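As structure tokens, the structure follows; a few thoughts come after it.
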Amino acid sequence: MNMDPSFFQPRLTALRPSAPWHRFHLDLPLLSGLALLAVLAMVVLYSASGQNLDVLLRQAVRLLLAAGVMILVAQINPRYFQSYSPVLYLVGVLLLAGVLAMGKISMGAQRWLDLGIVRFQPSEFTKLSTPMMIAWYLAQDSPPRLRQLVFAGILILIPTLLIAKQPDLGTAVLVASAGIAVMFLGEIPWSYLLGLIAVGGGLLPLAWHFMHGYQRDRVLTFLNPEADPLGRGYHIIQSKIAIGSGGLYGKGWLHGTQVHLEFLPESSTDFIFAVLAEEFGLLGCLGLLAIYLFILGRSLYIVVQAQDRYSRFLGGALTLTFFVYVFVNIGMVVGILPVVGVPLPLVSYGGTSMVTLLAGFGVLMSIQTHRRRLAS
Amino acid sequence: MSRPFIFRDNFQENRLFLNRIVISIICMALATLALVLRLIYLQVVGHDLYTSLSRDNQVKISPLAPPRGLIFDRNGEVLADNIATYSLEIIPEQVPDMNATLDKLKALLSLSDDEIARFQAQRSQRRSFESVPLRLELSEEEMARFAVKMPYFPGVEIHTRLIRTYPYGYLTAHVVGYVGRIGEGELQSLDPGQYRGVYHIGKSGIEKSYETVLHGRTGHEEYETNVQGRAIRVLGAMEPWPGADLYLSLDVRLQKIALDALGEYTGAVAAIEPVTGKVLALASKPSFDPNPFIHGIDKDSYEALQGHPDRPLYDRALRGLYPPGSTVKPFMALAGLTLLELNPARRIYCPGYYRLPIAEHKYRDWRKGGHGAVDLSSAVTQSCDVYFYDLAHRLGIDRMQEYMGKFGFGRRTGIDLNGEKAGLFPSQDWKRRKRKAKWFAGETLIAGIGQGYVQATPLQLARAVAILANRGGNVEPRLVDSVKAPYEVDNPYPRQGDEPLGSLDPRHWHTVVDAMIDVVHSPRGTAKGITPGLRYRIAGKTGTAQVFTVGQDQDYKKMKVKKSMRDHAWFIAFAPADDPRIAIAVIAEHGGHGGSVAAPIARAIMDKYLQERP
């Protein structure tokens, strides 16, 4: 059973320490994929916004800001993330509680924390801090025992419930799925996993009980969009018409009628995929999916290459969550998932999630570029 | 030995992790495949269909408004009806130049700026292909004037609409209420799907309380239109559910008698069938005509109503708070019999005033010389205050509050109308909480004759006397007797079915009811004036609610009191005394004495009701 240790770590030797991008802790393939996505997003947004340069400019500024955050995060060694994970988690939960308390005072839904110059959405922060915490916790020892999994479940549940209470169901689902992704990658035995799914299924009626009226409406409309064609179902019907009429090649840039005759609501934000589908057709859609798959592929490559458990768990979870984003948004726009208000990552207009997403990619770049070189 | 073991562990870990990554990749691949298949289905298979829907034909959906449910009285008289009217409507999307169109229409039909502002507000709330009303009730002449010019107004149409009308106007204004245009604030809180194509909503009375039932369910029609927006063919429709019809227990003829009998007085009448709790009459005077409110009453008329010193918009029967005065005495007597096991034959000497032990203040009786020796029965019949001062002192305010609460004092009756007032019966705790002050013994005495802090609405007193008529059986006042709809309707006001009083010694009821019969039928009763010609027996109680406090050494009767300072006159009663079929409370504001002013009004109503249903 004595095996040569180098057998398991031959990849380390393949590392080229002199790669120029690595000096700035950036990953060129990932960066190129993201840049390509951003360019495509700008093109579609220009059409969706009714050729509004103002909107385009604001989006570009946000993008640059988020890219700055990404580069900054990439400079930090993953070991620091690891050791500060519990602190960051605690800060996230406290901020959520603070927002909720302030919401109570102002008698309404509250997601923002006003820090004077910047308004900050703590639920976005927890999208990173929650998987960090779970990764830190499960990286301690292996394989995890039932007690640890239950505790990890509780750690996920706390921020999830706080966000669901805001109420922001979409973000709550994303935070929970980031945590669950870590657990999945964190070597949960299958039997526990199946048990978890069974319990989750059992909790669904309970969740229904705690949902707000409009959230229930969304689920019901999803199950039967024709039931409310004047209200919620209208989105789905119009978005299907936009996508379907796009055909194979699309109607051409700036020529989508559904969008420009204002039949399609929220065309710049949650439903921007329908604009792409109408104007660039199936080929455009496949192109976008290809870019996403490239980014995901590169991210998974980084994760597999990672050296320690924490980096793998965290990086893997961030990658999976990114996919969930893409899938939930497109699934909603094409009418196979409920309308939950999740933006198309890095394409939809709006800045709140962009910073978080790119910060996540910053973490992945940091993982890739801070690997220890093999002492040869 | 340990090193290789660790590596083995690492190896297993690696494999497990890679295993999970592979599973993730498979899942993502499957999910992506689902998206791609869906896109192919929409963009390749469904391409022709969706292209035809999107290119020169558009799917549009227009709401089909349900007709609002009608409201009838117990004899089938229509209290709220729908009549067809013609309205001028605009589909904004089809109007080439909105401002020019509005200017031309303004000149043609003399539209007011208010109407245009309202139109603009509604337009911003609806989709551009939905029709928005500009004027709801076109006269014949306006119709004709517009019809000639119609070709010059693309996108402007005449629609037939059902509009609410209240044939009995002021007789039912407070009870039935009225509908009005949906306000901007209301639009925000409504389910927009249910109120598309609907322009009115219940604003008060039954119209408001039963809004969900009367409204029904909005349907819709899905159709294709050509480039100009004209409908080409209907793709599908869901018929609206007409609103449910409401049959009230109210009798509009009793309403008329009540309002007529009040004559010059402002005031209110509430009449209930004790056994069922059905409300037979609920009138407040002065009343108003609800019909102008439907289209939005003009400002001057509204301000005239609002600013009128007699406050016609104010529903006195439901919301008017008055000291119940001596009408509380039968209930106080029951409290004494039950809680103190009072001997009804025991006499108390009434010198015309009452004094608390070790206190100077004289609490006076309404009869200056006093009533002499009175037992419980004669104390009720002659309405002797001193007897009840003494009783109240012995009961204490907290026990009184709890017992009177069982008859509904200080509690909402639970009638199926919005905006009911709960009235007040005080307690030490209440005063500590609300007034931040200590309770004084003298205040207990005042409460014992229904004055001071005690306040009740006419409806509350009608319910209290109905409970008495039922010998303790609970009364839940209801206006809506039945709901008729071709589908199942949830009653928004289900009955609770509580029995707050429990069983009581039957002799107690007997004692109190006999005393109340004497109020009307004995020569010493305070309402003996209404007996002539009476063919059934009434059990009643008069009351005067003090508006103005008489000074310690002044004599009320000798003072030249202005009308607005005069006491309110109360009368509560039920009849026939042995088999009660109607319970009633009447208040005539500033009427002075209950026996001579309020009692005849009650009798007129009971005469009518009992004659018709012997």
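Naming convention: chains lettered A, B, ... in sequence-line order (proteins, then strands); numbering from 1 in each chain. Being a predicted model, the structure only gives us computed values, none of them experimental.
Atom CG of Asp490(B) has 12 or fewer neighbouring heavy atoms from other residues, nucleotides or ligands inside a 6.0 Å radius. Tyr301(A) OH: 12 or fewer foreign heavy atoms inside a 6.0 Å radius.
In this structure, the side chains of Thr32(B) and Phe327(A) stay at 4.5 Å or more apart for every pair of heavy atoms. For the pair Cys27(B) and Phe323(A), the minimum side-chain heavy-atom distance is 4.5 Å or more. Taking 4.5 Å as the limit, every side-chain heavy atom of Met28(B) sits out of range of all side-chain heavy atoms of Val324(A). Looking only at side-chain heavy atoms (C-beta outward), Tyr41(B) and Ile336(A) stay at 4.5 Å or farther from each other.
To the nearest 0.5 Å, atom CZ of residue Phe273(A) and atom CG of residue Leu35(B) are 7.5 Å apart. How far CG of Leu49(B) is from NZ of Lys240(A): 9.5 Å, rounded to the nearest 0.5 Å. Of the inter-residue distances, the one linking Gln43(B) atom CD with Leu248(A) atom CG reads 8.0 Å to the nearest 0.5 angstrom. Separating the CG atom in Leu39(B) from the CD1 atom in Ile330(A) is a distance of 7.5 Å, to the nearest 0.5 Å.
When heavy atoms are compared at a cutoff of 4.5 Å, Ala277(A) approaches chain B by way of both its backbone and its side chain. Residue Leu185(A) touches chain B through both its backbone and its side chain, counting heavy-atom pairs closer than 4.5 Å.
Residues of residues 207-215 of chain B lying under 4.5 angstrom from chain A, judged on non-hydrogen atoms, do not exist here.
Considering only residues two or more places apart in sequence or on other chains, Asn82(B) meets the side chain to side chain donor-acceptor pair (under 3.5 Å) condition with Arg164(B).
Counting heavy-atom pairs under 4.5 Å between each of Ala181(A), Gly316(A), Gly281(A), Gly297(A) and chain B puts Gly281(A) at the top. Of all the listed residues (Asn19(B), Val44(B), Ile21(B)), the one sharing the greatest number of non-hydrogen pairs under 4.5 Å with chain A is Ile21(B).
Among Ile243(A), Ile241(A), Leu282(A), the single residue meeting the side-chain contact (heavy atoms from CB on, under 4.5 Å) criterion with Leu42(B) is Ile243(A).
Formation of a donor-acceptor pair under 3.5 Å by the Arg20(B) side chain with backbone atoms of Phe184(A) is found in this model.
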